[in-house]
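Below: the structure, in C-alpha cells.
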Amino acid sequence: MALNEMENLKSDETPRVPVDYVEGILQPTPTCDIWDQIWKFQAKPDDLLISTYPKAGTTWTQEIVDLIQNEGDVEISKRAPTHIRFPFIEWIIPSVGCGLEQAKAMPSPRILKTHLPIDLLPPSFLEEKCKIIYVARNPKDNMVSYFHFQRMNKALPDPGTWEEYFESFLAGKVCWGSWHDHVKGWWNAKDQHNILYLFYEDMKKNPKHEIEKLAEFIGKKLDDKVLDQIVHHTSFDIMKQNPMANYSTLPSEVMNHSVSPFMRKGTVGDWKHHFTVAQNERFNEDYKKKMADTSLTFHFHL
Ligand code: A3P
C-alpha cells in the first residue's frame, strides 16, 4: 500500500472529537472539560491576542504579526509550526497538545490565539488591557471555508452535506457559535477596548496597507523594504509551500490535507461556486435580519 493510502486509512479510522455546549456555544468536548481553567486564564499586559471566528484568516494574520515582531526575519518565523508559535488558548487535542499549558509555559511577550466570542473571552484579557487584533471575513466565504475545514479536520464534527452544513451555519450550530453574533460582539467591544478590527477582504485587496496598520498597532516602525518582504512571505502561494505555516506538520489522523488542504483557495468570492441561487436568496434574507442592528458591513467580492 502506498504511504498516502496508509495515511488515508489511518485518518478514516480516527473518530471525530465529540462536541458539547459551553454557555450555549458549541465547543469540542475536551475544551468543555477544562472550561473553568480556560475562563480563569491569566493574561499578562504585554500579551497580544489574535481573535477570529474560525476560518476568517487567523493563520495569515499570525504569520504577518510574527514577521512584524521579528522585523521581517523569515528564518525566525520558521522556528516552529503555527500552533506551537501561537498558543490557541481554548484548544486541546490530547495527542497534539493543550493551548492553555503551552501559553503558561511560554515566556513573554506572548502572541496568543482564540476563536472565542467576546462574551466567553477570559476576563483577564480586557482587565489587563491587552492589545487584541480581531479579523472578520464575509460570512459566505467564511462558511465555505469552514465547511471544507470540517471535512478535513477530525477535531471538529463531520459537516454532513453542503446543504446540511448551510443550515447548521445559519443556525449557529457549529463550533464557536453563530458567525453573526461573533463579528457583532467583537465589533461592539472594539471602541471600549484595545482592539484593532480588520477584514480579510481588505487584507486581500491591499495587504501592504493592512500590514502597516498592524505594525502601527503593535508599535513597530518598519521600512518599506521590510513591509514588501512581509507582503511577499505572507502571500497565499508562499504560505501554502511553508510547512511552518500550512499545518502540514500535524498528524494526518487530525488534519487530512488530501480531503481538503488547509491552504485551500485563499480568495474572496469562492462562495459563488458553492451557493445555489436559492441558498443565496435565503442567506441574504437571514443576513438582513441578523445584521439589522449593526453598522458593520462586509464585501462579498473584490
Ligand atoms: P479558504 O478555505 O477559503 O482557502 P484560518 O487561518 O482562520 O483557519 O483561515 C483559513 C483560511 O484563510 C483559508 O481560506 C485559507 O486558505 C486562508 N488563508 C490562509 N493563508 C492565507 C493567505 N496568505 N492569503 C489568503 N488567504 C489565506
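Whatever order the structure lists them in is the order used to number ligands and atoms, beginning at 1.
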Smallest separation among heavy atoms of Arg137 and Trp179, with atom names: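 For Arg137 versus Trp179, the nearest heavy atoms are O-NE1, 3.2 Å.
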
Determine whether the aromatic ring centres of residues [Y] and [X] are separated by less than 6.0 angstrom.
| X | Y | result |
| --- | --- | --- |
| Phe262 | Trp60 | no |
| Phe147 | Trp162 | yes |
| Phe199 | Tyr134 | no |

Does this structure show an ion pair linking Glu71 with Lys221, if we count only N-O contacts that are shorter than 4.0 Å?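 No, this pair does not count.
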
Assess whether a salt bridge exists between Lys208 and Asp224, defined as any Lys/Arg side-chain N lying under 4.0 Å from an Asp/Glu carboxylate O.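 Salt bridge between Lys208 and Asp224, a charged N being under 4.0 Å from a carboxylate O: yes.
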
Amino acids contacting ligand 1, non-hydrogen cut-off under 4.0 Å: Lys55, Ala56, Gly57, Thr58, Thr59, Trp60, Arg137, Ser145, Tyr200, Thr234, Ser235, Phe236, Met239, Phe262, Met263, Arg264, Lys265, Gly266

